[in-house]
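Protein chains get the first letters and strands the later ones, always in sequence-line order, with residue 1 at the start of each.
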There are 2 protein chains.
Amino acid sequence: MYKNKIPKASVYRLAIYLRGLEKLKINKKIYVSSPEVGKFCGIDPAQVRKDLSYFGQFGEVGKGYHIKSLVTNLKKILKLHHKKWKMSLAGVGNLGAALLSYKGFENVGFIIQVAFDKDCKKIGRVFSGVKIYDFKKMKEIIRKENIRIGIIAVPAEFAQEVAEIMISSGVKSILNFAPVILNLPSKIIVSNVDLSNELLSLPYFISK
Amino acid sequence: MYKNKIPKASVYRLAIYLRGLEKLKINKKIYVSSPEVGKFCGIDPAQVRKDLSYFGQFGEVGKGYHIKSLVTNLKKILKLHHKKWKMSLAGVGNLGAALLSYKGFENVGFIIQVAFDKDCKKIGRVFSGVKIYDFKKMKEIIRKENIRIGIIAVPAEFAQEVAEIMISSGVKSILNFAPVILNLPSKIIVSNVDLSNELLSLPYFISK
DNA sequence: TGATGTGAATAATTTCACAGCA
DNA sequence: TGCTGTGAAATTATTCACATCA
């Protein structure tokens, strides 16, 4: 069913569509067209159709896409259906706290199950419903909870070390917020999110 | 001097190199080679050379790149030299606070000059050396300070409104952390940073 | 030997344009 | 008319391969 060559960027955009549609579902609309999705998500309509077509035929010619079933399909493609992905958060500083309080995860099948910090004042406390444990117990707890996704929100200098502990505990993929390249086995999937890198290139584009 | 067709992705990577080199400068190394930069930044060495070659010849054949002068050149290309870019932050929640406490901006020519929030408990306080003002004063203050870059770290439902106020105050480009597409004049440069979008596509790649 | 710089080749991605349908 | 789905075309981006130099 799936085409053999699917751009990574297309998969990434499916997530954007999903998020956009989740918002749209709240309204009473039943169908949505590719120009509408495009407008909503800031993406070219032909691109929207092409992205979806890599995975199947979800639209009805002349009508558009049935929103509810498109959402279901997108979740299925992205493996976000039936099971909640448990995540482990390392570092409960400002950024970590922002992630803990972010309400958008649950809707799409994710949950931060446990969090870790080394600050005694935080250890044992509960933050947005998530208990914070001592870093030292990370390996044990991640293993027990059978968690596959780790979030790194610690300062750059500790990121590599934390990532290695996560992986030795069974984590298969990492969402890394530390501004540093992690050196990890190639089978581990790392997604880097850098809060300031986009910023550095702004002046270049401003000055054109 | 500049080639006419420069990939956007190349500009973005220059920022990555710059950040990497800033870290390297601390060591006593004088020269760095493209394979080293590549290793450090997680990018192919040929790509590193190609990216740099769009903007000039910064290396010495056989020796590599003189780190200090490469940093200078990168800053020049990215327009990060001689002047500090003043920024205005909207929203001092967890994420806003994380940005305020982030120390990496100053090194590369940025400074958060003022911040805004609507929470009375925060207004008037100073956070990481930055004073927090009432949202209502945003227009007046941004204009007075002549700020060109705005950071949006407010909840999604307020992002559009805040962005419009910023722009009417003279802001030319926006770093948007709210998970929503801003509808703004095309001359305004918008960079979106989404904390959770990368996450949504992880399970897809895990399951391959 | 081990660098850079760079045209050329390749690959990846996006956009076009239109057949076919409601 | 306005939509989807999709090959084909166009564009954009990456990687190769090598001349040249220290």
Testing dA17(D), dT14(D), dT14(C) for proximity to the side chain of Ala9(A), the answer is dT14(C)

Taking the side chain as every heavy atom from C-beta outward, state whether Leu195(A) and Phe177(B) have any atom pair closer than 4.5 Å.
yes

Write down the distance between NZ (Lys39(A)) and P (dC3(D)), rounded to a whole number of angstrom.
13 Å

From C-beta outward on Lys50(A), which listed nucleotide comes closest to its side chain: dG7(D), dT4(D), dT4(C)?
dG7(D)

Nearest to the side chain of Gln47(A) - dT15(C), dT4(C), dT14(D)?
dT15(C)

Given dA13(D), dT4(C), dT13(C), identify the nucleotide with an atom nearest to the side chain of Pro7(B).
dA13(D)

In whole angstroms, the gap separating P of dC3(D) from OH of Tyr65(A) amounts to 11 Å

With a 4.5 Å cut-off on side-chain heavy atoms, are Phe105(A) and Leu199(B) touching?
yes

Proximal nucleotide (of dT6(C), dG5(D), dG7(D)) relative to the Arg49(B) side chain
dT6(C)

Could you state the CZ-P distance from Arg13(A) to dA12(C), rounded to the nearest angstrom?
15 Å

Examine the side chains of Tyr17(B) and Asp51(B) and answer whether a donor and an acceptor come within less than 3.5 Å of each other.
yes

Return the nearest nucleotide to the side chain of Gln57(A); candidates are dG5(D), dC3(D), dT6(C).
dG5(D)

Nucleotide dT6(C), atom P - distance to CZ of Phe58(B) in whole Å
11 Å

Taking the six-membered ring of Phe55(B) as reference, does the NZ or CZ atom of Lys76(B) fall below 6.0 Å from its centre and within a 45° cone about the axis?
no

To the nearest angstrom, how far is Tyr54(A) atom OH from dG7(D) atom P?
11 Å

Picking from dT4(C), dC16(D), dA13(D), which would you name as closest to the side chain of Lys8(B)?
dA13(D)

Could you give the CD1-to-C1' distance, from Ile6(B) to dG5(C), as a whole number of Å?
15 Å

Start with the C-alpha distance between Glu36(B) and Leu24(B), add both sets of side-chain angles, then the distance that settles side-chain contact (heavy atoms from CB on, under 4.5 Å), and finish with yes or no.
CA-CA 10 Å; Glu36(B) 285 170 313; Leu24(B) 250 155; over 6 Å; no

Closest of dA3(C), dT14(C), dT12(D) to the Ser33(B) side chain is dA3(C)

Report the nucleotide, chosen from dT4(C), dA12(C), dT4(D), that has the shortest atom-to-atom distance to any side-chain atom of Pro35(B).
dT4(C)

Nucleotide dT4(C), atom C1' - distance to CG of Leu70(B) in whole Å
13 Å

Please report, rounded to the nearest Å, how far the P atom of dT13(C) is from the CD1 atom of Ile43(A).
14 Å

Taking the nucleotide of DNA chain C with the closest heavy atom to each, which residue, Asp44(A) or Gly62(A), is nearer the 5' end?
Asp44(A)

